[in-house]
Amino acid sequence: MASHSEHFQTLQYLLDDGVSRQLATQPPAIGKATGEWLPTLRNELFPDEQELLAAALGYHTRMTQAEVRSPVEVRVVHGNLEQVTHPVVVGHYAGDSILSAEALLDKRLQGRLGELHRMGLYPGELGTSHVFLNPGQKPGAR
């Protein structure tokens with residue numbers, strides 16, 4: 001409005017009185033007479049590329065209830081990583097150094113995390129991961 005001279009008087013009223021004398025005070029009528037103005041959402045009727053490919057290869061993309069895996073149980077515990085006997089999961093941002101918990105894990109895994117990091121092979125990009133096995137040791141899977 002401030003860029004159009006035809007609205008200057010209205011802006012002056014708003015600044016002086018907090019009320020506009022030239023703009024409509026009622027919102028414009030939108031939609032049907034029933035007051036509904038949001039569109040009705042419909043399910044997509046056409047298959048996407050993955051569904052077409054699945055149909056061509058004889059399988060389906062949507063999992064049935066019987067195919068859905070049970071949820072994984074995750075617990076967050078404050079403790080010492082050097083005493084853990086179960087598998088440990090750590091996250092890492094692309095480009096970050098190996099610090100804190102990762103540095104401790106690197107030490108306990110004889111520098112294997114740092115070695116991959118120096119070679120530019122350490123996971124960090126979205127969708128990347130690496131499994132470091134440490135059988136019979138702490139931390140690590142049994």
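Just so you know, residue 1 is the first one in the sequence shown, and it goes up from there. Keep in mind the model is a prediction, meaning the values are calculated, not measured. Atoms considered below: every heavy atom in the structure, side chains included; atoms not considered: hydrogens, waters and symmetry mates.
- Distance CG/L57 to CG/L52: 11.0 Å, rounded to 0.5 Å.
- Within the 4.5 Å cutoff, the side chain of Q110 has no heavy atoms near those of the E115 side chain.
- Considering OG of S100 and CG of D106, their distance stands at 12.5 Å, rounded to 0.5 Å.
- No side-chain heavy atom of T128 sits less than 4.5 Å from a side-chain heavy atom of Y122.
- Cluster annotation: L104 and V90 are assigned to the same hydrophobic cluster (Ile/Leu/Val/Met/Phe/Trp/Tyr, side-chain heavy-atom contacts under 4.5 Å, transitive).
- Between the side chain of R112 and the main chain of L133, a donor-acceptor pair closer than 3.5 Å is present.
- S97 contributes atom OG, which lies 5.5 Å from atom NE2 of H117 (distance to the nearest 0.5 angstrom).
- Side chain of R118 to backbone of G114: a donor-acceptor contact under 3.5 angstrom is found.
- Checked by atom type and distance alone, the side chain of H130 never pairs as donor or acceptor with a backbone atom of L116 at under 3.5 Å.
- For the residue pair E125 and A94, the shortest heavy atom distance occurs at OE2-CB, 3.4 Å.
- In the hydrophobic clustering of this structure, V131 does not group with V89; members are Ile, Leu, Val, Met, Phe, Trp, Tyr whose side-chain heavy atoms approach within less than 4.5 Å, directly or through other members.
- Of the possible donor and acceptor atoms, none in the side chain of N134 sits under 3.5 Å from a partner among the backbone N and O of L109.
- H92 places a side-chain N or O within 3.5 Å of a backbone atom of D96 that can act as its donor or acceptor partner.
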